[in-house]
Amino acid sequence: MNNQQIAQIFYEIAEILEMQDVKFKPFAYRKAAQSIEALTRDIKEIYKEGKLRDIPGVGESISKKIEELIKTGKLKAYEKLKKKMPVNLQELGSIQGMGPKTIKKLYQKLKIKNLKELERAAKLGKIRKLEGLGEKREEEILENIGFKKKTGKRFLLGLILPEAEAIKNALNQLKEVKKIELTGSLRRMKETIGDVDILAVSADPGKTMDFFAKMNDVEKVLVKGLTKSSIRLRSGINADIRLVPLNSFGSALQYMTGNKSHNIKLRNIAKDKGLKLSEYGIFKGNKQVSGKTEEEVYRKLGLRYIEPELREDTGEIDAAKKNKLPDLINYNDVKGDLQMHTNYSDGNNTVLEMAQYAKKIGHKFIAITDHAGNLKIAGGMTAREITAQGKEINKIKSIKVFHGIEANIQKNGAIDVPDNILKDIDVVIAAIHSGFKQDKTTITNRLLTAMDNKHVNIIAHPTGRLLLKRKGYEFDLQKVFDKARERGIALEINAFPDRLDLDSDKVRLAVENKVKLSIGTDAHSKEQLDFYRLGIAVARRGWANKNDIINAYSIDKLEKFLKR
DNA sequence: GCCGTTTTCGGCCCGACTGTTTTCAGTCG
C-alpha cells in the first residue's frame, strides 16, 4: 500500500458518500486524500512514528483507517461501501461530465459498472430515456469517451506553453481586450497541464468570446457565454476563458491560478477576518474592499505575496503569514545552460550555432556536453572527436563555452570514459542510460560509486523518469543527497519538457539538504535552448533560491565549483 | 469526519454554465 493507493481509496470513499448524499464527509475524505497524495515521505514511516494525525485533514477516524490499510492491506469500511456501489469509479469518473450523481443513477437504473458498459448503453440509446438525462447528455458521454480514448488527460507544460502564449497574444491584439493573463496550472508552471485557463478584461465581451470561439486552432466549442467560454483545441487540450470586470482582475487571477486547496485556505483566512473572498474580490458585507490586483488580495489577508509557482498548499500560506517565504530564484537569474548536444553526437546543430543562439537568448555561458563512452545509439564521441571538439570550442570568443561530456554510469557504477580523458574536461556529466530495472539498493550503490569518481560534476536526470511514459528508477534519495553535498556534485534539473528531472518535490528536498542543483536543457537543437525557463520553473516550484542553482553563479564562481 | 489567535461544538469555498428543468440539480474549476 503506497501513498497513492491509500489516497485513491479515500477519494473513492468520498465519491461513494457523495452519491449517498452524505453531507461534509466527502469533503473531509477528499482533503485527507489530497494531503496524503502530496506527502513527500512514505506514509508507512509517518505511521511508524505515530504521527499520522499531523497530516492535515487526518483525524481520529481516518488515521485508524490508514492504520488498517497499512497493517492488513484492506479496509472493511471501504469494502462495505463498495458492495453497495461496485463500479469502477476511477474509470467512469475520468469521463468529463460524469459526476457521482450520474454514476449512481446509471448503476441503479442500468447496472453500468465500467466504461465499456457505459459506451454500450449510450450507443444503444438507453441513457437518453432516463429521467434527468437526455439526448444531449448521451451524445456528450459518447463524445467524451472518444476523447478519453484518443488522448491521455494531461499534456506536457513545455509543449502547451507556446501554444497557450500564442492564443493569449492573439487575443491581446483585440483593442477591446484591456488585460489578459494565462492562469491555472500553466501559471503555476506545473509539469503537466490539464487545460489552458485564460483570464481577461474586455470592453466588448460578445466580440471577444466570438473571436475566442472562432480561432484557427478551435476544434469544438464546448461552452460559450459572456463571462465564460470553453473550447477544445486541435491539439486535444481544452481552453477556458473567463472575463471579469477590471476591479476584479486581481482576485479573479488569484482564484483561477489556484490550486484549489490553496484557494480554500485563503477563503478561510478571509472568513476568519470577517471578509468574503471570491473571484470578484474581497468583500466586507456587500462592499468590495479589494480585488484589483493580486498583491492587494494577499496583503488584505495579512499575507506576503505568494509567487504562483508556490501555490500548491504545501506550506506556502503559513510561510507567507510568518514572512518566511523563500527568496525564489528569478527567471533572469540564470546565466547559462549546463547540458546540450551538438552534431558531434546526436544533436542537430554545430557548436558555433549553439553558442550563437545561447548568446542571443541572453546566456553568459554554456556547456557543450555531447555523449561520450559506449552509448552508441546516441553517437558517443571517440577520444579523437573529443579533442577536435575542444579545439572548436576554444575558437569561440563571444560567450564562455565550457567543454563538457555526458558519460554513462555503467551497471557497476563505473564511468565509461577513462580518467585520462575526463581530467581535461570542464564539465563531466554522468547519467544512467541503461539498466533501469535494477532494484533500489543496486541503483543507489551505482549512483554513489559514480559520484566517487573524482571528475564527475553533475548527475544528469537523476531519476530517469519520462513524463506520461516512464516512472523512473528508485534509489535512496537521502544517501545520494548526502554524497552530492560531501563531494561537491550538483544534481541536475533536466529542463527537457518530458523529463523535468529532478521534479520540484525532489528539488525542494535537495534544497533542504543543501545540495547544489544545475539546470540543463539537454537541447538537441538550438531552439530547444529555450527550455531553460522550464528548468527555472521547476527550481522555483522547489523553493530554490539563486544560491542553490549553480547556473546563477558568476563564471568565476562556477569554475571554482566545477574544479571542486 | 475534521478542526479551532474569537470555537472541543457547530460549522464546513464559491460561482458559472448546461440540460432538462418550469425553479433547479449536477458538474466543473
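Every value quoted in this text rests on a predicted model; they were computed, and no experiment measured them. By convention in this document, chain letters (A, B, ...) are assigned in the order of the sequence lines, proteins followed by strands, and residues within each chain are numbered from 1.
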Mind calculating the distance between [atom1] ([X]) and [atom2] ([N]) to the nearest angstrom?
| X | N | atom1 | atom2 | answer |
| --- | --- | --- | --- | --- |
| A:L277 | B:dC13 | CG | P | 12 Å |
| A:I103 | B:dT27 | CD1 | C1' | 11 Å |
| A:K64 | B:dC2 | NZ | C1' | 14 Å |
| A:R267 | B:dG15 | CZ | P | 7 Å |
| A:Q254 | B:dC14 | CD | C1' | 12 Å |
| A:I282 | B:dC14 | CD1 | P | 13 Å |
| A:R30 | B:dC2 | CZ | P | 15 Å |
| A:R53 | B:dG4 | CZ | C1' | 14 Å |

**Request:** Check whether NZ of the Lys or CZ of the Arg A:K111 lies under 6.0 Å from the centre of the six-membered ring of A:Y107 and within 45 degrees of that ring's axis.
**Result:** yes
Under-4.0 Å salt bridge between A:E119 and A:K123: yes
Give a yes-or-no answer on whether the side chains of [X] and [Y] include a donor-acceptor pair shorter than 3.5 Å.
| X | Y | answer |
| --- | --- | --- |
| A:D522 | A:Q528 | no |
| A:T314 | A:R508 | yes |
| A:S61 | A:K65 | yes |
| A:N114 | A:E91 | no |

Check: protein-nucleotides 7-10 of chain B nitrogen or oxygen pairs below 3.5 Å:
none

By the Watson-Crick or G-U definition, both distances under 3.5 Å, B:dT8 is matched with none
Contact class for [X] vs. all strands (heavy atom < 4.0 Å): base, sugar-phosphate, or nothing?
| X | value |
| --- | --- |
| A:K260 | base |
| A:Y255 | base |
| A:P26 | nothing |

When rounded to the nearest Å, what value does the distance between [atom1] atoms of [N] and [M] take?
| N | M | atom1 | answer |
| --- | --- | --- | --- |
| B:dA16 | B:dG11 | C1' | 26 Å |
| B:dC13 | B:dT20 | C1' | 27 Å |
| B:dT22 | B:dT18 | C1' | 16 Å |
| B:dT8 | B:dG1 | C1' | 15 Å |
| B:dT23 | B:dC17 | C1' | 16 Å |

Regarding B:dT7, purine or pyrimidine glycosidic angle vs 90° from 0 gives syn
Taking 4.0 Å as the cut-off, does a side-chain nitrogen or oxygen of [X] come that near to OP1 or OP2 on [N]?
| X | N | value |
| --- | --- | --- |
| A:S278 | B:dC14 | no |
| A:K228 | B:dA16 | no |
| A:K23 | B:dG1 | no |
| A:T227 | B:dC17 | yes |
| A:K65 | B:dG1 | yes |
| A:T102 | B:dT27 | yes |

Letter by letter from the 5' end, nucleotides 19-25 of chain B scores (B base, S sugar-phosphate only, - none; protein heavy atoms under 4.0 Å) SSS----
Steps toward side chain to side chain contact (heavy atoms under 4.5 Å, CB included) verdict (A:K265, A:D313) | CA-CA 8 Å; A:K265 282 214 171 143; A:D313 188 23; 2.9 Å; yes
Checking B:dT27, B:dG29, B:dT18 against the side chain of A:D197 (C-beta onward), the nearest is B:dG29
With the side chain defined as heavy atoms from C-beta on, A:K276 is closest, among B:dG29, B:dG15, B:dT27, to B:dG15
Does the pair A:L534 and A:F496 meet the rule for a side chain to side chain contact (heavy atoms under 4.5 Å, CB included), with working shown?
-> CA-CA 8 Å; A:L534 303 177; A:F496 208 80; over 6 Å; no
The side chain to side chain donor-acceptor pair (under 3.5 Å) partners of A:T102 (sequence neighbours excluded) come to none
Contacts of A:I264 and A:K224 projected onto DNA chain B by closest heavy atom; the upstream (5') one is A:I264
Assert: residue with more 5' nearest nucleotide on DNA chain B, out of A:M256 and A:I62, is A:I62
- Distance-only donor-acceptor test (3.5 Å): side chain A:Y280, base B:dG15: no
Does the ring of A:F27 lie flat against the base of B:dC12, closer than 5.5 Å centre to centre with planes under 30°?
no
The side chain to side chain contact (heavy atoms under 4.5 Å, CB included) partner of A:L328 among A:I536, A:D333, A:L310 is A:L310
Requested in this report: Would you confirm whether the ring centroid of A:Y29 sits within less than 6.0 angstrom of the ring centroid of A:Y11?
Outcome: no
One pair to check against side chain to side chain contact (heavy atoms under 4.5 Å, CB included): A:R30 and A:F10. What are the steps and the verdict? CA-CA 7 Å; A:R30 226 166 256 143; A:F10 290 139; over 6 Å; no
